[in-house]
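Order of appearance sets the numbers: ligands from 1, and atoms from 1 within every ligand.
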Amino acid sequence: MSIKRIGVLTSGGDAPGMNAAIRAVVRSGIYRGFQVYGIKKGYEGLLKGDMFEMNLRSVSDIMSRGGTILQTARSKDFATPEGVKRAARMAEVFQLDAIVVIGGDGSFRGARALAREGVNVIGIPATIDNDIGSTDYTIGFDTALNTVKDAIDKIKDTAYSHERCSVVEVMGRDAGYIALHCAIADGAEACILPEKKFDIDKDIIQPIIGCRNRGKHHYIVIIAEGVGGTMEIADQIKSITGISTTTTILGHLQRGGSPTVRDRVAASLMAVKATECLEAGERNKIIAEKNDRYISIDIEEALEMEKHIDESMIETSKMLSL
Ligand code: ATP
């Protein structure tokens with residue numbers, strides 16, 4: 001069946017570059033002769049039929065903006081068998097031949113549920129966490145890394161002046177990719193990830209004291225939010241080492257900001273690949289970046305794929321902070 005009309009939505013946590021992806025879905029979709037409907041607030045908007053036809057100018061001047069012009073949601077109503085059925089029925093009412101879902105792993109599970117109800121879906125990976133098994137890269141990761149890097153650079157300036165230990169909590173509930181990349185980019189003395197059990201003496205106190213004895217004047221400890229207890233860890237560092245210790249929880253500022261070139265290009269190329277797949281008659285796919293190429297993977301297969309933190313990066317981070 002050839003495609004006449006598609007819907008596009010953003011779902012789950014917002015990520016810089018989602019707008020660039022929406023723009024490229026709309027422009028490349030229209031280029032291929034599709035009508036493109038923007039669905040508001042993710043699956044919530046699909047359930048309500050809250051959607052509108054977009055044109056080439058609907059996506060003017062959005063590329064440089066963080067967030068998502070379509071807005072996003074974590075819909076509880078959708079995430080039930082009855083909700084998925086209602087959403088699939090609404091896709092039929094609006095005669096959507098396919099829905100492009102821009103979001104993270106949870107959003108793809110929602111897309112798979114829709115696919116099982118007969119809706120043709122295609123996923124574009126966008127989450128600052130870079131934690132989707134089927135793809136090397138997710139839209140938003142690079143911008144978040146640069147935001148954290150800028151913040152830690154500033155914290156380091158003041159940490160040096162006062163000879164402090166700075167504990168910085170970064171995003172990552174289940175995945176430590178932001179923490180680990182920033183530990184390397186910022187030369188952190190210790191980095192604690194949710195994927196790995198840690199021992200405060202071995203993984204934090206010993207590196208700090210070792211660095212002090214080798215002549216360092218300040219110390220950065222990065223903790224991914226999923227580890228938990230950041231304040232308590234900072235208290236312990238202070239009480240065991242006697243070093244003045246501050247804590248910064250970067251929080252939601254990591255989700256915002258104008259997307260980097262990396263994110264704009266990845267978003268644009270993934271979205272163009274998505275509409276290309278739809279034009280070619282592919283059904284129920286996830287777009288992925290693999291070895292610098294963009295490919296499509298069957299959604300059932302994609303959701304079985306796992307990603308693991310690269311142990312050698314952990315060792316590299318430790319080696320370079322000596
Ligand atoms: P992020 O990684 O940035 O948090 P995400 O896409 O993983 O993004 P989630 O909140 O996990 O964010 O998922 C987004 C929405 O997808 C949920 O609110 C829910 O409506 C839907 N969803 C998630 N899992 C399922 C599922 N198993 N079945 C149906 N719908 C789901």
I need the D263 CG to S258 OG distance, nearest 0.5 Å.
10.0 Å

Between Y43 and F78, what is the ring plane arrangement, given parallel below 30°, perpendicular above 60°, and tilted in between?
parallel

Can R173 and E225 be counted as an ion pair, charged N to O under 4.0 angstrom?
no

Excluding sequence neighbours, so at least two apart, what forms salt bridge (Lys or Arg N to Asp or Glu O under 4.0 Å) with E289?
R262

With S161, which residues qualify under side-chain contact (heavy atoms from CB on, under 4.5 Å), at least two apart?
none

Those residues that, when tested against K149, pass salt bridge (Lys or Arg N to Asp or Glu O under 4.0 Å) (two or more places apart):
none

Between the protein and ligand 1, are there any N or O atom pairs that come within less than 3.5 Å of each other, and if so, what are their names and distances?
from: ligand 1; atom 1: 2 (O); to: T127; atom 2: OG1; distance (Å): 3.4
from: ligand 1; atom 1: 3 (O); to: G13; atom 2: N; distance (Å): 3.4
from: ligand 1; atom 1: 3 (O); to: T127; atom 2: OG1; distance (Å): 3.4
from: ligand 1; atom 1: 4 (O); to: R74; atom 2: NH1; distance (Å): 3.1
from: ligand 1; atom 1: 6 (O); to: G104; atom 2: N; distance (Å): 3.0
from: ligand 1; atom 1: 6 (O); to: G104; atom 2: O; distance (Å): 3.4
from: ligand 1; atom 1: 6 (O); to: S107; atom 2: N; distance (Å): 3.0
from: ligand 1; atom 1: 6 (O); to: S107; atom 2: OG; distance (Å): 2.5
from: ligand 1; atom 1: 7 (O); to: D105; atom 2: N; distance (Å): 3.4
from: ligand 1; atom 1: 7 (O); to: G106; atom 2: N; distance (Å): 2.9
from: ligand 1; atom 1: 8 (O); to: G13; atom 2: N; distance (Å): 3.4
from: ligand 1; atom 1: 10 (O); to: R74; atom 2: NH1; distance (Å): 2.6
from: ligand 1; atom 1: 12 (O); to: R74; atom 2: NH1; distance (Å): 3.0
from: ligand 1; atom 1: 16 (O); to: G106; atom 2: O; distance (Å): 3.4
from: ligand 1; atom 1: 18 (O); to: S75; atom 2: N; distance (Å): 2.9
from: ligand 1; atom 1: 20 (O); to: S75; atom 2: N; distance (Å): 3.4
from: ligand 1; atom 1: 20 (O); to: S75; atom 2: O; distance (Å): 2.6
from: ligand 1; atom 1: 22 (N); to: G106; atom 2: O; distance (Å): 3.3
from: ligand 1; atom 1: 24 (N); to: G106; atom 2: O; distance (Å): 3.3

